[in-house]
> 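Have a look at this one.
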2 protein chains.
Amino acid sequence: MTETANAAVATTGTSVMDAAQGTGSPGRAALLRALEELAREQGVSNVGLREVARHAGLSHAAPTHFFGSRDGMIRALAFEGLQLLDDELCVAQERDAQLPGRERLVSDAMEFVAFAQRHPAHFDAIFRTPSAAAGDDSLDRARRAALDGLRALVMEVHAAGDISGDVETVFLQLCTLSHGIASLAVDGLLKGFDKVPEGPNVSAEVVERIIRAQVAQLP
Amino acid sequence: MTETANAAVATTGTSVMDAAQGTGSPGRAALLRALEELAREQGVSNVGLREVARHAGLSHAAPTHFFGSRDGMIRALAFEGLQLLDDELCVAQERDAQLPGRERLVSDAMEFVAFAQRHPAHFDAIFRTPSAAAGDDSLDRARRAALDGLRALVMEVHAAGDISGDVETVFLQLCTLSHGIASLAVDGLLKGFDKVPEGPNVSAEVVERIIRAQVAQLP
DNA sequence: ACGATCGCTTTACATTGTCAAGAGGCAGGA
DNA sequence: TCCTGCCTCTTGACAATGTAAAGCGATCGT
């Protein structure tokens, strides 16, 4: 039983996504909440297995029981985060369905950055701890699937004639730009720039200015 | 002597930059080389203090002797990397001095992600391990200084009339886009996209396509 | 010649991640 | 009813880690 625990959970669900929350024993959920809270302050890769257990009020071996290993625990948080990301992006796309095409692109990219700032621990686990996910292709697939929503939106806006140019390149531009903003914002590395006010997290206005400039410039 | 070792080194040099290589005892240099090699495969935050010492053929306490702590060791790698980044960006800017304005922007941004792919351990230490640098404002300042070259270039190109629009926003666009590409490329997260060939590291052509599209669209 | 500093090791200790072996409870079947 | 198995979780142990303190030889300034 090296990592069968989460592997089983990951392949049992109906969709690829509902792996994390699926069958939630109270202990398991408490551990994930503790991990999230600690990782939000220290970064995922700096939280310890036993620290999480202590914070959740359980014995030091509880995490390995549920997740198989420390990496398994982080993977579980990543899956939970992908589910969350998918949900939030879906409701945002619904909400903005009647906006003009380019506005929908702006909104979607902003929503991605907002997700990273709302759930920094999840964001970290999903996109910035690939070492913990090495050899787990299910996470790779889930990660890619979560981005398909944005890809589809780009194609839709392109088909409607609101933008032109190569669809995949536009998609890559939006992905990398959003990821860059989110990463820098979460790490507090955007603080030193002009026009970026200090504060707990980067204001949405700055994010919006960057993304809006980007989208407005699309061919 | 909590962290006086590197703090002393960091404030002794003539410039802010030459902190890492400055006074290099052979042991210290060997440790940094070992750290770089190990971090290039495992990621900075997954390499252990004793592992580095072993790899360098020294006793397990050698790193703390030179760097004060594990975090100090990572900070030292970050400073070394900033020096390196500054150098490489400078020679690139000289080399491209006679190119048209927008080409210089493209080249500079590409040089940044090339740096990240050439020196993933340094890139990681500089921009993606802020927890290790917490409370060390000298690293913050050095990080920002390293980006001033790009900012100056943007201002120059703007002054020459090759681009218009808000300079700081353009600068932020280029920074966040480059950082996003570099981060995803280093973590191997760009592999699953269409148009991105598989391989050890993302080909420069893809990077160029994204950045070139970005720059071409600037107002 | 001699103390001080540099470069590094040895020893020691608290803490971590992981494994094996349970303990207690709840379900279902005989 | 009792037995069996599973599910949740603990206890105990072990190797490995990060950090601190003390020490040891060489080199250097005085």
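Computed from a predicted model, the values in this text were never measured in an experiment.
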> For A:Q42 and A:E51, does a side-chain donor sit closer than 3.5 Å to a side-chain acceptor?
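On atom types as modelled, these side chains qualify, holding a pair under 3.5 Å.
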
> Decide side-chain contact (heavy atoms from CB on, under 4.5 Å) for A:H55 and A:R33; before the verdict, give the C-alpha distance in whole Å, the side-chain angles of both, and the deciding distance to 0.1 Å.
CA-CA 9 Å; A:H55 202 77; A:R33 296 288 66 75; over 6 Å; no

> Just the rounded figure in Å: distance from C1' of C:dT10 to NE2 of B:H65.
14 Å

> Would one find a side-chain N or O of A:S25 under 4.0 angstrom from OP1 or OP2 of D:dC9?
yes

> How sharply is the helix from C:dA1-D:dT30 to C:dA30-D:dT1 bent, taking the axes over five pairs at either end and rounding to 10 degrees?
10°

> Among D:dC9, D:dT19, C:dT18, which is the nearest nucleotide to the side chain of B:L49?
D:dT19

> Closer to the 5' end of DNA chain D via nearest nucleotide, is it A:G57 or A:R50?
A:G57

> C:dC19 C1' sits how many Å from A:F67 CZ, rounded?
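Taking atom C1' of C:dC19 as the reference, CZ of A:F67 is at 18 Å.
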
> Using atom names, set out every protein N or O paired with an N or O of nucleotides 21-27 of chain D below 3.5 Å, distance rounded to 0.1 Å.
none

> Taking any heavy-atom pair under 4.0 Å as a contact, classify B:R70: base, sugar-phosphate, or nothing.
sugar-phosphate

> Parallel, tilted or perpendicular, judged at 30° and 60°: which one describes the rings of B:F115 and B:H119?
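Ring orientation of B:F115 relative to B:H119: tilted.
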
> In terms of side-chain heavy atoms of B:H60, which of D:dG12, C:dT10, C:dG7 is nearest?
C:dT10

> Atom CG of A:D71 and atom P of C:dC19: how far apart are they, to the nearest Å?
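Rounding to the nearest Å, CG of A:D71 and P of C:dC19 are 12 Å apart.
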
